[in-house]
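First the structure, in the form of structure tokens, and then the observations on it.
Just so we're clear, the structure is a prediction, and the values are computed from it rather than from any experiment. Indexing begins at 1, ligand by ligand and atom by atom, following the structure's order.
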Amino acid sequence: MKSYIVGLLFIYCFAVWANGECPQGSTQLGTEPVCIYAFGKMASYLDALWTCNSLNGTTVLIKSAFDNTAIIALANQYFNDNPYIGVQKSSDGTWFYADRTNLTYQHWAPGEPRNTSGNYQCAVLDPGSGGWRAVDCVTPRPYFCSSPLPIPPTTPPPTTQPRPRCDSEWEYFQSYCYYLHDYNGYVYSFNSAESHCADMNAHLASIHSTDEDDFVYNLVPWMSHSSCETVYAWVGLYGSGKRGDGEWTDGTPVDYSIGSSTIWGDWGIPKQKDGSNYCSSLRYDYYSTWLSHNFGRFVCKKRSIY
Ligand SMILES: *[C@@H]1O[C@H](CO)[C@@H](O)[C@H](O)[C@H]1NC(C)=O
Ligand SMILES: *[C@@H]1O[C@H](CO)[C@@H](O)[C@H](O)[C@H]1NC(C)=O
Ligand SMILES: *[C@@H]1O[C@H](CO)[C@@H](O)[C@H](O)[C@H]1NC(C)=O
């Protein structure tokens with residue numbers, strides 16, 4: 001019987017993919033957010049309702065003349081028998097939709113709905129007349145289901161996470177990126193540290209404001225180590241440390257000083273885990289006499305990517 005293969009026909013030939021939104025095997029009802037399933041395999045009304053419920057729907061809800069015409073067309077196309085529609089009679093005799101809402105549209109065939117000893121509590125669509133007919137609910141018939149058009153998964157808005165402005169392992173601060181080369185068993189001379197930074201298209205860090213000073217200082221973690229050499233971190237000052245004297249390895253002027261009492265030279269940041277500057281009483285220490293010295297850590301700096 002032709003009606004038995006309707007489901008397959010729907011899947012392969014008649015599913016409307018224009019919106020790509022109705023599940024496979026169903027077709028959209030015009031432009032409404034409704035998907036229609038046609039079942040040629042006959043079932044009692046309760047079984048039909050059960051199947052429709054499993055599709056997140058009900059027996060088909062016909063809510064306008066347009067809906068009715070569309071369902072008639074489908075019924076004419078696929079069914080030999082009049083299919084169940086989602087219209088039921090309550091015990092008080094009123095007809096309602098299968099989702100328990102009141103009818104907002106009805107299109108009964110002439111003489112319908114018939115009241116045959118009160119048993120006619122379901123309805124079919126008669127494609128011949130285009131009207132609805134009251135019927136008993138137990139006779140197996142084909143049926144239509146309708147279900148809400150699934151809401152397409154909302155694609156999350158493009159992540160507002162900003163693009164990284166620094167290479168990984170570099171820290172961003174005010175248009176520049178900073179890299180701490182932490183102690184890893186080796187120590188570096190001032191020139192060697194600078195050339196390691198140069199290998200990364202950077203220079204040893206220069207410092208031009210209190211904020212930048214704090215940033216760089218805080219970039220270097222406390223460290224407890226037996227040797228002060230490994231504790232210090234090179235930055236790029238080469239000179240006496242007085243404003244306007246000497247320069248930073250990145251060529252910038254010495255336009256900032258952390259204090260008049262501080263004598264700067266080729267200097268580094270001493271940090272001890274206990275919070276005291278065991279290796280120096282100064283935040284930055286002067287190492288012009290240590291030019292031949294090696295430190296375990298250094299801070300590089302370069303312009304951020306954007
Ligand atoms: C079932 O329909 C409701 C709306 O009636 C919808 O919110 C829900 O996402 C649907 N569930 C599935 C699995 O389609
Ligand atoms: C449905 O119809 C009944 C009786 O006709 C009425 O009392 C009720 O308010 C209606 N419900 C809605 C939601 O319109
Ligand atoms: C429908 O049939 C039932 C049972 O015979 C009867 O009680 C009821 O009054 C009828 N309703 C109408 C509208 O004829």
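Residue N102 holds the heavy atom nearest to atom 8 (C) of ligand 2 of all those in N102, T94, T104, L103.
At distances below 3.5 Å, at least one donor-acceptor pair connects side-chain atoms of S90 with backbone N or O atoms of T94.
Under the 4.0 angstrom criterion, atom 11 (N) of ligand 2 counts as having a protein heavy-atom contact. Within a 4.0 Å radius of atom 4 (C) of ligand 2, the protein contributes no non-hydrogen atoms. Distance check on atom 14 (O) of ligand 2: some protein heavy atom falls below the 4.0 Å cut-off.
Counting heavy atoms from C-beta on, the side chains of V135 and R141 come closer than 4.5 Å. Put simply, the side chain of V60 does not reach to within 4.5 Å of the side chain of Y143, judged on heavy atoms. W132 places a side-chain heavy atom less than 4.5 Å from the side chain of I85.
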